[in-house]
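The structure appears right after this line, and notes come after that.
Reckoned from all heavy atoms, side chains included, excluding hydrogens, waters and symmetry mates.
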Amino acid sequence: MEHLREFLLQARTVAVLGAHPNPNKPAFYVPDYLAQRGYTLLPVNPAYAGQALWGRKIVARLTDLGEAPDILDVFRRSEALPDHLEEILAARPRLVWLQSGIINDAFAETLRQAGIPVVQDRCLMVEHRRWFGF
């Protein structure tokens, strides 16, 4: 876990798969917490493509970002993850973070075999607070 702490210190961009504009949803307030801590957020959600969130235009797909994010923070159900596998592999994030309750071992293993580390079933906001005390 110490390597994840160091990684978070060095990371600058966080793509948010399943980003949501409703401030009552975790897919808004978890990334919003990260934005307040200085991370650049790259929102991804086809349902809200073209709208703005965290000062950025929401895009429909990860491949529309035009850059490889340091972290891909995922807010999608476990069973929906395989639908995103090809675009995640194409986007080449340095780390994929599956939020609390999101677990798909086969999906995670495929990413690991492609050289992309994966964290499953953990809240990025909770871990960030634990490590950095914000």
Checklist entry - Do F75 and P31 come close enough that some side-chain heavy atom pair is under 4.5 Å? => result yes
Next on the checklist: Quick one, N104 and P82 - any side-chain contact, counting heavy atoms below 4.5 Å?
Outcome noted: yes
Checklist entry - Do the ring centers of Y39 and W54 come within less than 6.0 Å of each other? => result no
Checklist outcome for this item: The ring pair (Phe, Tyr, Trp, His ring centres under 6.0 Å) partners of H20 (sequence neighbours excluded) come to Y48
Checklist entry - Side-chain contact, heavy-atom cut-off 4.5 Å: Q99 with V30? => result yes
Next on the checklist: Is there a path of hydrophobic side-chain contacts, each under 4.5 Å between heavy atoms, that joins F28 and I58?
Outcome noted: yes
Checklist entry - Is there side-chain contact between L81 and D83, with heavy atoms separated by less than 4.5 Å? => result no
Checklist entry - Knowing that exactly one of L72, T13, V44 qualifies, which makes a side-chain contact (heavy atoms from CB on, under 4.5 Å) with L65? => result V44
Item to check | For the student: nearest non-hydrogen atoms of S100 and C123, plus distance | outcome: OG-N, 3.2 Å
Item to check | Test salt bridge (charged side-chain N to carboxylate O under 4.0 Å, His left out) applied to R94 and D70, step by step | outcome: CA-CA 5 Å; R94 292 179 51 215; D70 293 318; 3.0 Å; yes
Item to check | Heavy-atom pair of closest approach, residues L62 and A15 | outcome: CD2-CB, 4.1 Å
Checklist entry - For A114, which residues count as a side-chain contact (heavy atoms from CB on, under 4.5 Å) partner, sequence neighbours excluded? => result L89, R92
Next on the checklist: Tell me whether V74 shares a hydrophobic cluster with L34, the cluster being built from Ile, Leu, Val, Met, Phe, Trp, Tyr side chains joined at under 4.5 Å.
Outcome noted: no
Checklist entry - Would you say the side chains of E6 and Q10 form a donor-acceptor pair under 3.5 Å? => result no
Checklist entry - Do other residues, nucleotides or ligands put more than 12 heavy atoms under 6.0 Å from Q51 CD? => result yes
Item to check | Single-linkage hydrophobic cluster V126~L9, side-chain heavy atoms < 4.5 angstrom | outcome: no
Checklist entry - Mind checking whether I116 and P93 have side chains closer than 4.5 Å, heavy atoms only? => result yes
Checklist entry - Are the side chain of R37 and the backbone of Y33 linked by a donor-acceptor contact shorter than 3.5 Å? => result yes
Checklist entry - Same hydrophobic cluster for L53 and L124, using side-chain heavy-atom links shorter than 4.5 Å among ILVMFWY? => result yes
Checklist entry - Any sub-3.5 Å donor-acceptor pair from S78's side-chain atoms to I103's backbone N or O? => result yes
Next on the checklist: Does any part of the side chain of W97, heavy atoms only, come nearer than 4.5 Å to the side chain of E127, both counted from C-beta?
Outcome noted: yes
Checklist entry - Nearest heavy-atom pair of N24 and Y29: which atoms, and what distance? => result O-CE2, 3.6 Å
Item to check | Ring-face cation of R112 near F107 (centre distance under 6.0 Å, axis angle within 45°) | outcome: no
Item to check | Side chain proximity check, I88 to V96, heavy atoms < 4.5 angstrom | outcome: yes
Next on the checklist: Side chains of L42 and E67, heavy atoms from C-beta outward: is any pair under 4.5 Å?
Outcome noted: yes
Next on the checklist: Count I, L, V, M, F, W, Y as connected when their side-chain heavy atoms are under 4.5 Å apart, and connections chain through other members. Are I71 and I102 then in the same cluster?
Outcome noted: no
Item to check | Flag, side chain of D73 to backbone of V16, donor-acceptor distance under 3.5 Å | outcome: no
Checklist entry - Of Q120, R76, R122, which meets side-chain contact (heavy atoms from CB on, under 4.5 Å) against L98? => result Q120
Next on the checklist: With no hydrogens and no angle check, just 3.5 Å: does a side-chain donor-acceptor pair link E87 and H84?
Outcome noted: yes
Checklist entry - Can you name the closest pair of heavy atoms from N45 and A19 and give their distance? => result ND2-O, 2.8 Å
Item to check | Nearest atoms (heavy-atom pairs only) where A91 meets P69 | outcome: O-CD, 4.1 Å
